[in-house]
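Quick caveat: nothing in here was measured; it's all calculated off a predicted structure.
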Amino acid sequence: MNQGLNISGYSPLKGLNDSYFRAMSSEALLSVKNLEIHKEDLSLVQSLSFSLEKGKTLAIVGESGSGKTLSSLALMGLLPERLKISGQMLFKGQDLGKLQEADWSAYRGKEIAMVFQEPMSALNPSMKCGKQVAEMLSNHGQQNHLRQRVLELFRRVELPRIEDIYDSYPHQLSGGQKQRVVIAMAIANNPALLIADEPTTALDVSVQSGILQLLKSLQAEFGMAMIFISHDLGLVRRVADEVLVLYQGQVKEQGSAEAIFKEPKDPYTKGLIACRPGPDTHYRRLPLVQDFLLGHVQDLEFIDPSKKEQLALSRTKLEPLLEVRALHKTYKSKKGIWAKTQLVRAVNAVNLSVYPGESLGLVGESGSGKSTIGRILVGLEQAEKGQIFYEGKDISGFDKKQWRKLNREIQIIFQDPYGSLNPRISVGESIAEVLRVNQHLKKEQARETAISLLEKVGLLRDYAKRYPHEFSGGQRQRIGIARALALQPKFMVCDESVSALDVSVQAQILNLLNDLKDEFGFTYLFISHDLQVVRYFCDRVVVLKNGELLEEGLAESLFQSPKEAYTAKLIADQGE
């Protein structure tokens, strides 16, 4: 067993007993014993115990609401005052739970640092990036040669054009660059413990891989211990020495990463691992976590990959439902008030065909043109040049009135449907409004149809009375799908529609999309940076790079034998 965490196997649901905790190493950098977090009478984290040594990585995994982030905020002294904690959090012999706010300045950002999931929440949008990192240094006693120190940190986190980035504002950087600035800020004072809270969730696979490699190299360079928080077990497997699985605030299982992934003991852990698509996932439906928790796991229907490809090939003999010819789209970019306007070619002479009943995957890094193409195909953007044929008719010159009519057949599901839902009206009314306007249904008939659509996507009838903010991310995604169904579309663009979801919720949504495809004959353009999901869900795949179509082919064949080095790197970066 790995010696980073002296954990002796499987932990029972109620936590760890005293003899277990005493077996943990007395040399640990961090020892947490029976940590409890409460909100009034509600227990949010229960009997959490672990030990972590210098230079080792503990991954804390679980779905949203499991207590992962709350536990890390407790270690940083950042819990809201309304939450109460008990138990021990010994860091270098000091119980962090007993520190007063004035004492935290000696620890927070100096001894213990944190990298957050969304870098924009950790960066001041009105302050240049270099100044923000310099401020972190000066707050902890470093006053000399700050610019040089910051530039060296930027060099260590492998940022390009470090002088330019020093004088740039956060909004002028890409997502991966912002995350590297946050990492530079976190390591500025050589902390003994780094907490990485979902640091790569919204990033492309190549950027994600780079961030993971960076964290590991920095850990080796500075000898840091790391707590890596994630719901993605694929990432955890690549970085963790030890794994702790949380479910609704309770420890379900903990042990070495090798043991957890090779022989998981708890049904919840088994479900988390099983519901994540992988290279060998060839099932009609993905298993669900709740099936494992309820003991309802059944034999899964296997789909022969060769037969799946034969069916995909047969569809390409049909007339395309939608066809794109020599599509061009250019944006104007300006990086400062006095800077010259530059033209950015987002889509360059792209040709593609989408056939009836298929799921076509569109993959590539940020800036490759994936989302731009998706938005053009649903009328949210207009191309400068090129033609778009839908059912043989050229729609590229359609005006807004013509697009409103066509949007009954062509719909889009966004990554975060919250932005497309009116927060002031109930979700039932939001769907009913679409039915009244487009299907010309009377009020009562529209209301009942809206409820039936919610039930169709696996939500309860009573949910129709609730408002968007009352739902989880996965539930809002289902509402977005129900709203799209109200128009009875033939073609749906899924733009990163499962990327930000827990793996368990992601499996539910993918199963739902496949069920709707079988029932209604939908055709999907599936845009994603998650190649494992694309491999499982899609029939064919198109690879984009810098706005140009680089490669396309049947999904399984392309993943097994990519022709282009860029495609091979994308696949390798995700660990397939």
Exercise for review: Kindly indicate, with the supporting measurements, whether the criterion side-chain contact (heavy atoms from CB on, under 4.5 Å) is fulfilled by Ile413 and Asp495.
Suggested key: CA-CA 6 Å; Ile413 304 170; Asp495 189 4; over 6 Å; no
Point to revise | Working for side chain to side chain donor-acceptor pair (under 3.5 Å), residues Arg483 and Gln411 | key: CA-CA 10 Å; Arg483 196 163 181 261; Gln411 278 289 298; over 6 Å; no
Point to revise | Evaluation steps, side chain to side chain donor-acceptor pair (under 3.5 Å), between Asn34 and Ser47 | key: CA-CA 4 Å; Asn34 295 327; Ser47 301; 4.6 Å; no
Practice item. Using the side-chain contact (heavy atoms from CB on, under 4.5 Å) rule, take Lys39 and Arg82 through it: C-alpha gap first, then chi angles, then the decisive distance, then the call. Key: CA-CA 7 Å; Lys39 180 182 179 182; Arg82 66 181 182 276; 4.0 Å; yes
**Study point:** Glu253 and Thr269: CA distance, side-chain angles, deciding distance, side chain to side chain donor-acceptor pair (under 3.5 Å) verdict
**Key:** CA-CA 7 Å; Glu253 188 166 359; Thr269 311; 2.9 Å; yes
Exercise for review: Begin from the C-alpha positions of Glu63 and Tyr268 and carry the test side chain to side chain donor-acceptor pair (under 3.5 Å) through to its verdict.
Suggested key: CA-CA 10 Å; Glu63 300 168 280; Tyr268 179 69; 2.9 Å; yes
Practice item. Could you please spell out the steps behind the side-chain contact (heavy atoms from CB on, under 4.5 Å) verdict for Val157 and Leu218? Key: CA-CA 8 Å; Val157 298; Leu218 291 172; 4.3 Å; yes
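For the atom pair Ile451 CD1 and Ile431 CD1, the distance stands at 9.5 Å (nearest 0.5 Å). Here the CD1 atom belonging to Ile195 is positioned 8.5 Å from the CZ atom belonging to Phe116, to the nearest 0.5 angstrom. Separation of atoms CZ (Phe228) and NZ (Lys68) is listed at 11.5 Å; rounding is to 0.5 Å. Taking CG of Leu421 as the reference point, atom OG of Ser430 lies at 5.0 Å (rounded to 0.5 Å). Note: Leu300 CG to Leu286 CG = 8.5 Å, rounded to the nearest 0.5 Å. Between Asn514 atom CG and Tyr536 atom OH the span is 5.0 Å, to the nearest 0.5 Å.
Nearest heavy atom pair, residue Leu288 against residue Ser504, reads CD2-O, 4.5 Å. Residue Ser168 comes nearest to Leu173 through the heavy atom pair CB-CD2, 4.0 Å, listed as atom of the first residue, atom of the second, then distance. Of all non-hydrogen atoms in Met89 and Leu75, the two that sit nearest each other are SD-CD2, 3.8 Å. Smallest separation of non-hydrogen atoms from Leu272 and Gly62: CD1-CA, 4.4 Å. Gly374 and Ile527 make their closest contact through CA-CD1, 4.0 Å (heavy atoms, listed as atom of the first residue, atom of the second, distance). Taking every heavy atom of both residues into account, Asp266 and Lys252 meet most closely at OD2-CD, 3.5 Å.
For residues 127-140, there are no salt bridge (Lys or Arg N to Asp or Glu O under 4.0 Å) pairs, not counting sequence neighbours. Under the side chain to side chain donor-acceptor pair (under 3.5 Å) criterion, the residue pairs touching residues 213-222 are Thr57-Gln219, Arg156-Glu221, Ser209-Gln213, Lys216-Gln219, with sequence neighbours excluded.
Within the 4.5 Å cutoff, the side chain of Ser49 has no heavy atoms near those of the Leu35 side chain. Taking 4.5 Å as the limit, some side-chain heavy atom of His38 sits within range of a side-chain heavy atom of Glu36. Looking at Leu58 and Phe50, their side chains come closer than 4.5 Å, going by heavy atoms from C-beta outward. When side chains are defined from C-beta on, Ser71 counts as touching Leu48, because their heavy atoms get closer than 4.5 Å. Residues Val236 and Phe261 are in side-chain contact: their nearest non-hydrogen atoms beyond the backbone lie under 4.5 Å apart. A 4.5 Å side-chain heavy-atom check between Leu215 and Leu194 finds at least one atom pair inside the cut-off. Put simply, the side chain of Leu454 does not reach to within 4.5 Å of the side chain of Leu460, judged on heavy atoms. Residues Pro287 and Phe292 meet the side-chain proximity criterion, which asks for heavy atoms closer than 4.5 Å.
More than 12 heavy atoms of other shown residues, nucleotides or ligands fall within 6.0 angstrom of atom CD in Glu455. For Tyr283, the OH atom sits in a loose shell: 12 or fewer heavy atoms of surrounding residues, nucleotides or ligands are nearer than 6.0 Å.
Among Val45, Ile60, Leu70, the single residue meeting the side chain to side chain contact (heavy atoms under 4.5 Å, CB included) criterion with Leu246 is Ile60.
At distances below 3.5 Å, at least one donor-acceptor pair connects side-chain atoms of Asp502 with backbone N or O atoms of Ser64. Although no hydrogens or angles enter the test, the distance criterion places no donor-acceptor pair under 3.5 Å between the side chain of Arg276 and the main chain of Val503. Not a single donor-acceptor pair under 3.5 Å links the side chain of Ser43 to the backbone N or O of Gln46. A distance-only check finds a donor-acceptor pair linking the side chain of Thr281 to the backbone of Gly278 [under 3.5 Å]. Checking side-chain atoms of Asn189 against main-chain N and O of Pro191 turns up no donor-acceptor pair under 3.5 Å. Of the possible polar contacts, none joining the Glu53 side chain to the Leu29 backbone as a donor-acceptor pair under 3.5 Å is found. The backbone N or O of Ser66 lies less than 3.5 Å from no partner atom in the side chain of Gln248, so there is not a single donor-acceptor pair. Here the side chain of Ser31 pairs no donor or acceptor atom with the backbone of Ala28 at under 3.5 angstrom.
Salt-bridge annotation for Arg461 and Glu448: present, with a side-chain N of the basic residue lying under 4.0 Å from a carboxylate O of the acidic one. A salt bridge links Arg285 with Asp515: the closest approach of a Lys/Arg side-chain nitrogen to an acidic carboxylate oxygen falls below 4.0 angstrom. Comment: Arg424 does not engage Glu429 in a salt bridge, judged by the lack of any side-chain N to carboxylate O separation of less than 4.0 angstrom. Ion pair Glu444/Arg447 flagged as a salt bridge, since at least one NZ, NE, NH1 or NH2 atom sits closer than 4.0 Å to an Asp/Glu carboxylate oxygen.
Under the ring-ring contact (aromatic ring centres under 6.0 Å, His included) criterion, Tyr463 pairs with Phe471, not counting sequence neighbours. Scanning for side-chain hydrogen bond (donor to acceptor under 3.5 Å, both in side chains) contacts around Gln94 gives an empty result, with sequence neighbours left out. Shown here are the ring-ring contact (aromatic ring centres under 6.0 Å, His included) partners of Phe537, two or more places apart in sequence or in another chain: Tyr524, Phe526.
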Donor-acceptor pairs are to be reported for all side-chain atoms of residues 102-114 against protein atoms at under 3.5 Å, with residues two or more places apart or in another chain.
unit_1: Asp103; atom_1: OD2; unit_2: Gln100; atom_2: N; d: 3.2
unit_1: Ser105; atom_1: OG; unit_2: Ala102; atom_2: O; d: 3.3
unit_1: Arg108; atom_1: NE; unit_2: Met76; atom_2: O; d: 2.8
unit_1: Arg108; atom_1: NH1; unit_2: Glu101; atom_2: OE2; d: 3.2
unit_1: Arg108; atom_1: NH2; unit_2: Met76; atom_2: O; d: 3.3
unit_1: Arg108; atom_1: NH2; unit_2: Gly77; atom_2: O; d: 3.0
unit_1: Glu111; atom_1: OE1; unit_2: Lys92; atom_2: NZ; d: 2.8

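Side chains of Asp530 and Ser528: no donor on one and acceptor on the other come within 3.5 Å.
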